[in-house]
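Have a look at the structure below before the remarks.
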Amino acid sequence: MQKLRAGILGATGAVGQQFVRLLADHPWFDISVLAASERSAGKRYFEAVNWIGSDPIPDSVREMEVVSCEPGIGCDFVFSGLDAKVAGGIESDFAAAGYAVISNARNHRMRQDVPLLIPEVNPEHTALIDAQNTSGYIVTNPNCSTVGLVCALKPIVDAFGVDRVQVSTMQALSGAGYPGVSSLDILGNVVPFIGGEEDKLETEPLKLLGALENGAVTPYRATLSAQCNRVPVLDGHMETVSLSLKRTASPEAVVGALRGFKNPLAGLGLPTAPDPFVAVFDDPRFPQPRRHSNLGRGMTVSVGRVRSCNVLDIRMVVLSHNTVRGAAGGAILNAELLVHQGRLSSRTAAAPATEKAS
Ligand code: NAP
């Protein structure tokens with residue numbers, strides 16, 4: 001298969017750097033364009049980026065010139081790690097110009113015609129693309145704390161149904177981008193507020209777990225209550241979750257459902273798909289961000305401490321890598337699914353920049 005040429009919008013940010021890292025040796029996609037703000041445009045990548053990893057910048061992109069985020073850049077499709085303040089308009093412009101836009105930003109997530117996608121959870125929701133009235137299209141992945149929660153809930157929803165969910169997060173610093181939270185605010189401290197986060201965590205899961213009916217998503221019926229906290233951890237969002245079930249089940253049965261989940265990606269050969277999709281720990285000390293965030297190259301979601309809850313039915317701990325599974329890795333897996341479904345090819349971007357016929 002000929003590799004597709006990927007552009008990265010927001011290539012200098014925390015998520016953009018994860019895209020660069022994960023795409024540097026990707027078997028299906030080549031990085032052909034790095035784009036960011038006017039502050040970075042015209043500079044070579046290593047001059048424009050404040051590289052925050054302990055690994056070196058990949059040689060293949062180090063000297064590449066950063067361009068501004070305007071349609072016309074030479075690639076088949078774009079990943080977006082853009083700041084949400086500007087992502088909405090820029091992503092719409094690219095979709096109108098015929099590009100497939102695989103986005104991390106929140107701006108288009110809840111639009112009725114835009115898939116909010118986790119390939120193992122709702123691969124059929126990509127059909128929403130057909131309702132987008134542009135020659136390109138936008139596909140989004142969820143908020144970084146939504147991803148872990150929904151990956152852990154999906155097997156339980158399928159087996160028993162879920163009625164109410166109470167979730168408290170302990171979110172890593174990398175989730176705030178760069179420079180993010182001031183060191184004086186977070187060192188030796190916890191900040192019990194992340195603007196807009198609780199709303200996303202209470203609404204996005206209902207779309208992700210919803211049913212595709214007559215070309216639209218009917219949201220899943222459940223009630224969620226979220227409390228979001230920033231903690232002095234580098235990578236990996238941890239969540240303590242309590243939930244009530246629609247059909248009674250023991251903690252052992254819930255663990256059985258998590259371990260027995262029939263992953264719809266099994267056997268498809270998508271390069272970024274992890275195996276297992278969800279790892280369940282028996283050791284009550286696990287999962288922990290430093291030890292387990294990178295499981296499955298950052299794509300496996302970890303679950304532990306599944307036990308009875310004295311208030312609701314079941315409680316557990318969930319951990320996921322926020323800039324990999326919760327951002328760049330999730331978006332790359334979305335693109336791989338779209339290739340597999342025949343919705344993303346080198347012709348997508350080459351299509352004329354005109355409206356669809358109807
Ligand atoms: P970030 O580190 O602040 O990076 C923002 C990127 O946007 C930079 O490349 C920046 O380029 C670019 N940008 C800013 N203003 C621009 C403009 N006017 N025109 C073009 N480009 C512009 O943010 P981040 O943490 O990577 O997050 C990126 C997006 O992903 C956000 O929408 C965020 O909500 C979402 N997200 C983040 C995470 C996470 O864990 N960090 C997880 C899921 C989703 P310059 O360097 O040139 O300014």
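These figures come from a predicted structure and were not determined experimentally.
Annotation: salt bridge (charged side-chain N to carboxylate O under 4.0 Å, His left out) contacts involving residues 22-31, sequence neighbours excluded, comprise Lys3-Asp30. Residue pairs meeting the salt bridge (charged side-chain N to carboxylate O under 4.0 Å, His left out) criterion with at least one member in residues 322-341, sequence neighbours excluded, are Glu120-Arg325. The stretch residues 248-259 participates, sequence neighbours left out, in these salt bridge (charged side-chain N to carboxylate O under 4.0 Å, His left out) pairs: Arg259-Asp282. Every pair passing salt bridge (charged side-chain N to carboxylate O under 4.0 Å, His left out) that includes a residue from residues 158-168 is listed here, sequence neighbours excluded: Lys154-Asp158. Sorted by first and then second residue, the ring pair (Phe, Tyr, Trp, His ring centres under 6.0 Å) pairs involving residues 32-65 (not counting sequence neighbours) form an empty list.
Residues Ser32 and Gly74 approach most closely at OG-O, 3.0 Å, considering heavy atoms. Residues Pro264 and Pro119 come closest through the heavy atom pair CG-O, 4.0 Å. Closest approach of Gly269 and Trp28 over heavy atoms only: O-CZ2, 3.8 Å. The heavy-atom pair separating Pro289 from Ser293 by the smallest distance is O-OG, 2.7 Å. Taking each heavy atom of Glu91 and Ala105 in turn, the nearest pair found is OE2-CB, 3.8 Å. When all heavy atoms of Gln132 and Pro115 are compared, the closest pair comes out as NE2-CD, 3.7 Å.
When hydrophobic clusters are built by joining Ile, Leu, Val, Met, Phe, Trp and Tyr residues whose side-chain heavy atoms come closer than 4.5 Å, directly or via intermediates, Met316 is grouped together with Val165. Val150 and Val306 end up in the same hydrophobic cluster when Ile, Leu, Val, Met, Phe, Trp and Tyr side chains are linked at under 4.5 Å. Val254 and Leu319 fall into different hydrophobic clusters, where Ile, Leu, Val, Met, Phe, Trp and Tyr are joined by side-chain heavy atoms under 4.5 Å apart, directly or via other members. Connection of Val157 to Val167 is established within a shared hydrophobic cluster, with ILVMFWY side chains joined at heavy-atom distances below 4.5 Å, either directly or through further cluster members. Linking Ile, Leu, Val, Met, Phe, Trp and Tyr residues whenever their side-chain heavy atoms come within less than 4.5 Å places Ile102 and Leu270 in a single cluster.
Expressed to the nearest 0.5 Å, how far CZ of Phe160 lies from CD1 of Ile314 amounts to 8.5 Å. With rounding to the nearest 0.5 angstrom, the OG1 atom of Thr126 is 4.5 Å from the CZ atom of Arg343.
For Asp59, the CG atom is loosely surrounded, since the number of other residues' heavy atoms within 6.0 Å does not exceed 12. Counting non-hydrogen atoms of neighbouring residues, nucleotides and ligands closer than 6.0 angstrom, the CD atom of Gln112 reaches no more than 12 such neighbours. Heavy atoms from other residues, nucleotides or ligands lying under 6.0 Å from OH of Tyr220 number more than 12. Residue Arg111 qualifies as enclosed at atom CZ: its count of foreign heavy atoms under 6.0 Å is above 12.
Salt bridge status for Glu47 with Arg44: present, with a side-chain N to carboxylate O gap under 4.0 Å. The pair Glu65-Lys43 fails the salt-bridge criterion, with no side-chain N (NZ, NE, NH1 or NH2) lying under 4.0 Å from an Asp/Glu carboxylate O. Salt bridge annotation for Asp313-Arg247: absent, with no cationic side-chain nitrogen under 4.0 angstrom from a carboxylate oxygen.
No side-chain donor from either of Asn141 and Asn334 sits under 3.5 Å from a side-chain acceptor of the other.
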Starting from the C-alpha separation in whole Å, work towards a yes-or-no answer on side chain to side chain contact (heavy atoms under 4.5 Å, CB included) for Asn104 and Leu82.
-> CA-CA 8 Å; Asn104 282 280; Leu82 284 169; over 6 Å; no
Dump the intermediate steps for side chain to side chain contact (heavy atoms under 4.5 Å, CB included) on Leu265 and Leu337, then the final yes or no.
-> CA-CA 9 Å; Leu265 304 188; Leu337 177 71; 4.1 Å; yes
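Inter-residue side-chain proximity for Leu224 and Thr203 is flagged as unmet; no heavy-atom pair is nearer than 4.5 Å. Proximity of Lys207 to Pro219: side-chain heavy atoms (C-beta onward) are nowhere separated by under 4.5 Å. Side-chain contact between Val67 and Val33 is present, with heavy atoms from C-beta onward closer than 4.5 Å. The shortest side-chain heavy-atom distance between Ile156 and Leu245 falls under the 4.5 Å cut-off.
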Would you mind writing out the side-chain donor-acceptor pairs for residues 295-305 within the sub-3.5 Å range, not counting sequence neighbours?
unit_1: Arg297; atom_1: NH2; unit_2: Pro271; atom_2: O; d: 3.2
unit_1: Thr300; atom_1: OG1; unit_2: Pro276; atom_2: O; d: 2.7

Between side-chain atoms of residues 179-197 and protein atoms elsewhere (two or more places apart, or another chain), which donor-acceptor pairs fall under 3.5 Å?
unit_1: Ser182; atom_1: OG; unit_2: Leu184; atom_2: N; d: 3.1
unit_1: Asn189; atom_1: ND2; unit_2: Asp185; atom_2: O; d: 2.9
unit_1: Glu197; atom_1: OE1; unit_2: Asn143; atom_2: ND2; d: 3.3
unit_1: Glu197; atom_1: OE2; unit_2: Asn143; atom_2: ND2; d: 3.2
unit_1: Glu197; atom_1: OE2; unit_2: Ser145; atom_2: OG; d: 3.1
unit_1: Glu197; atom_1: OE2; unit_2: Gln171; atom_2: NE2; d: 2.8

Report all side-chain donor-acceptor pairs from residues 233-243 shorter than 3.5 Å, counting only partners two or more places apart or in another chain.
unit_1: Asp235; atom_1: OD1; unit_2: Ser174; atom_2: OG; d: 2.7
unit_1: His237; atom_1: ND1; unit_2: Ala172; atom_2: N; d: 2.9

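The ring-ring contact (aromatic ring centres under 6.0 Å, His included) test applied to Phe261 returns Phe277, not counting sequence neighbours. Considering only residues two or more places apart in sequence or on other chains, Asn122 meets the side-chain contact (heavy atoms from CB on, under 4.5 Å) condition with Leu117, Ile118, Glu124, His125, Leu208. Residues that satisfy the ring-ring contact (aromatic ring centres under 6.0 Å, His included) test with Phe29, not counting sequence neighbours, are His26, Phe77.
By the 4.5 Å side-chain criterion applied to Ile, Leu, Val, Met, Phe, Trp and Tyr, Leu212 is assigned to a cluster that also includes Leu128, Val217.
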